[in-house]
Peer 1: 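I have a structure here, written as structure tokens, and I will follow up with some questions on it.
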There are 2 protein chains.
Amino acid sequence: MRRDVFQAIADPTRREIIQMIATTPLNVNTVTERFDVSRTAVYKHIKILTECGLIVMRQKGRERFCEAKLEKLQAVSDWVEQYKKMWNARFDLLDNVLEDLQTKNKKHGNKK
Amino acid sequence: MRRDVFQAIADPTRREIIQMIATTPLNVNTVTERFDVSRTAVYKHIKILTECGLIVMRQKGRERFCEAKLEKLQAVSDWVEQYKKMWNARFDLLDNVLEDLQTKNKKHGNKK
DNA sequence: ATAATATGCAACCTTTTGGTTGTACAAATA
DNA sequence: TATTTGTACAACCAAAAGGTTGCATATTAT
């Protein structure tokens with residue numbers, strides 16, 4: 001199934017899994033231990049993350065390690081950055097207006 | 001209902017709504033026109049976006065305008081940025097390794 | 001006053017999501 | 001060899017998500 005990375009990171013459990021394996025790969029059981037749901041439930045989350053490329057599985061004996069492919073978050077980063085620019089631009093604009101008002105106030109005060 | 005912004009942006013229709021009103025507020029019907037689902041369906045999406053603060057509604061006569069509060073995406077930005085740093089750091093590391101290899105190769109070539 | 005417009009919302013339906021238990025099997029260990 | 005360990009996956013379930021139609025209501029236009 002082709003999965004959407006936005007949908008994949010919508011679930012808090014899946015974001016927690018990403019956090020766990022962000023620096024170092026872990027096998028399925030180790031990931032599971034952190035949560036109070038069944039291994040199958042966690043496995044399903046891992047599967048969803050795999051389907052959108054955020055995780056790759058690597059077999060090692062009878063264990064399978066989950067490795068994070070953080071660069072797959074690029075789409076999310078790009079999406080949110082375009083809007084960050086917009087809301088920052090608005091804050092800057094507001095700053096300028098406030099500064100202007102302050103300057104005018106000073107002038108008015110001096111005239112008095 | 002308290003809503004999660006990650007879950008709110010998971011749906012492509014909702015991301016499209018955000019895009020539509022990012023620069024200028026629009027009333028509910030105008031937003032609806034863009035989609036081929038019912039007004040009620042779009043309204044539900046708007047409601048979800050409102051519940052997590054990404055949209056505020058402003059009454060104007062019989063119309064209601066949806067205004068985007070883009071700064072509510074800060075949580076998403078912060079979350080993704082921490083990982084962006086990590087994957088960029090890894091790419092930088094890879095670059096260094098490759099550069100090193102190239103330098104060594106040159107030296108080897110010179111010796112030949 | 002009547003008709004048209006813009007919206008909110010209840011009631012209902014289908015699909016998806018997130019969870020469970022139980023079974024199967026390969027790899028490691030006693 | 002027998003047992004334990006690590007994992008995959010089928011089958012099932014309740015709740016949530018995303019959609020619909022239909023009706024109520026307030027505002028605007030004729």
Side-chain angles (χ1 to χ4, degrees), chain A residues 1-21 24-69 72 76 79, chain B residues 1-21 24-69 72 76 79:
Chain A
M1 197 190 294
R2 194 69 300 219
R3 283 272 182 180
D4 179 6
V5 69
F6 283 92
Q7 201 248 316
I9 65 168
D11 185 275
T13 301
R14 289 197 286 270
R15 288 200 300 279
E16 212 174 322
I17 292 174
I18 292 174
Q19 202 200 336
M20 285 182 74
I21 62 170
T24 171
L26 298 175
N27 69 13
V28 177
N29 268 353
T30 309
V31 173
T32 300
E33 281 163 22
R34 160 101 52 126
F35 303 94
D36 58 356
V37 293
S38 70
R39 186 174 53 74
T40 304
V42 174
Y43 175 73
K44 280 189 184 179
H45 285 303
I46 290 175
K47 205 171 167 211
I48 288 169
L49 290 167
T50 303
E51 281 166 359
C52 72
L54 270 169
I55 282 184
V56 292
M57 303 293 272
R58 186 155 291 133
Q59 188 101 24
K60 201 168 186 179
R62 68 184 158 185
E63 291 170 272
R64 298 188 71 193
F65 286 81
C66 309
E67 189 183 322
K69 289 290 170 190
K72 280 290 155 65
V76 180
W79 183 83
Chain B
M1 197 190 299
R2 193 68 303 216
R3 283 275 181 175
D4 179 5
V5 69
F6 284 91
Q7 201 247 316
I9 64 167
D11 186 275
T13 302
R14 289 198 285 271
R15 289 201 299 279
E16 212 174 324
I17 292 174
I18 292 174
Q19 202 200 337
M20 285 182 76
I21 62 171
T24 173
L26 297 174
N27 69 15
V28 177
N29 268 351
T30 310
V31 173
T32 299
E33 281 162 21
R34 161 100 53 125
F35 304 95
D36 56 357
V37 292
S38 71
R39 188 177 50 75
T40 304
V42 174
Y43 175 73
K44 281 189 184 178
H45 285 302
I46 290 175
K47 206 173 166 209
I48 287 170
L49 290 167
T50 304
E51 280 166 358
C52 71
L54 270 168
I55 282 184
V56 291
M57 303 291 274
R58 186 156 289 133
Q59 188 99 26
K60 202 167 186 181
R62 69 184 157 183
E63 293 170 88
R64 298 188 72 193
F65 285 82
C66 310
E67 188 183 321
K69 289 290 169 190
K72 280 290 156 65
V76 180
W79 183 83

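In what follows, chains carry the letters A, B, and so on, assigned in the order in which the sequence lines appear, proteins first and then strands, with residues in each chain numbered from 1.
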Peer 1: Within this structure, what is the CD1-to-C1' distance between A/Ile48 and D/dC9, rounded to whole angstrom?
Peer 2: 15 Å
Peer 1: Figure out the CG/P separation between B/Asp4 and C/dG18, and round it to whole Å.
Peer 2: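 Rounded to whole Å, this separation is 12 Å.
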Peer 1: Is the distance from OP1 or OP2 of C/dG19 to the nearest side-chain N or O of A/His45 less than 4.0 Å?
Peer 2: yes
Peer 1: Tell me whether the side-chain N/O atoms of A/Ser38 come closer than 4.0 Å to OP1 or OP2 in C/dG19.
Peer 2: no
Peer 1: Rounded to whole Å, please give me the gap between NZ in A/Lys47 and P in C/dT17.
Peer 2: 12 Å
Peer 1: Figure out the CG/P separation between A/Asp11 and C/dT17, and round it to whole Å.
Peer 2: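 Atom CG in A/Asp11 sits about 11 Å away from atom P in C/dT17.
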Peer 1: What nucleic acid atoms does A/Gln7 come within less than 4.0 Å of, heavy atoms only: base, sugar-phosphate, or nothing?
Peer 2: sugar-phosphate
Peer 1: Rounding to an integer number of Å, can you tell me how far B/Glu51 CD sits from C/dC9 C1'?
Peer 2: 13 Å
Peer 1: Can you tell me if B/Arg39 touches the phosphate of D/dG19, counting only side-chain N or O atoms and a distance under 4.0 Å to OP1 or OP2?
Peer 2: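 False: B/Arg39 side-chain N/O out of range (4.0 Å or more) of D/dG19 OP1/OP2.
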Peer 1: Answer yes or no: does a side-chain N or O of A/Arg62 lie under 4.0 Å from OP1 or OP2 of C/dT29?
Peer 2: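 Negative; the distance criterion is not met.
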Peer 1: I need the CG-C1' distance between A/Leu49 and C/dT17, as an integer number of Å.
Peer 2: 14 Å
Peer 1: D/dT7 P sits how many Å from A/Leu26 CG, rounded?
Peer 2: 11 Å
Peer 1: Tell me: CD of B/Glu33 to C1' of C/dT7, nearest whole Å?
Peer 2: 14 Å
Peer 1: Closest approach to the side chain of B/Glu63, judged atom by atom: which nucleotide of D/dT20, D/dG18, C/dT7 is it?
Peer 2: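 Nearest nucleotide to the side chain: C/dT7.
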Peer 1: Can a donor-acceptor pair be found, under 3.5 Å and without considering hydrogens, that links the side chain of B/Arg3 to the backbone of B/Glu51?
Peer 2: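 Judged by distance alone, no pair lies under 3.5 Å.
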Peer 1: Excluding sequence neighbours, so at least two apart, what forms salt bridge (Lys or Arg N to Asp or Glu O under 4.0 Å) with B/Lys69?
Peer 2: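 With neighbours one apart ignored, the set is B/Glu67.
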Peer 1: Of the listed nucleotides (C/dG18, D/dC9, C/dT7), which one gets closest to any side-chain atom of B/Asn27?
Peer 2: C/dT7
Peer 1: Between A/Tyr43 and D/dC9, does any side-chain N or O lie under 4.0 Å from OP1 or OP2?
Peer 2: yes
Peer 1: Between B/Met57 and A/Thr13, which has a closest nucleotide on DNA chain C that is more 5'?
Peer 2: B/Met57
Peer 1: What are the two closest heavy atoms between B/Val28 and B/Met57, and how far apart are they?
Peer 2: CG2-CE, 3.9 Å
Peer 1: Please tell me if A/Asn29 has a side-chain N or O lying less than 4.0 Å from either OP1 or OP2 of D/dT7.
Peer 2: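 True: A/Asn29 side-chain N/O within range (under 4.0 Å) of D/dT7 OP1/OP2.
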Peer 1: Measure from the side-chain N and O atoms of A/Arg14 to the backbone N and O of A/Ala8, and report whether any donor-acceptor pair falls under 3.5 Å.
Peer 2: yes
Peer 1: Step by step, would you call A/Asp11 with A/Lys44 a salt bridge (Lys or Arg N to Asp or Glu O under 4.0 Å)?
Peer 2: CA-CA 12 Å; A/Asp11 185 275; A/Lys44 280 189 184 179; over 6 Å; no
Peer 1: With respect to the phosphate group of D/dA17, does any side-chain polar atom (N or O) of B/Arg3 fall under 4.0 Å of OP1 or OP2?
Peer 2: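 Yes, within the criterion.
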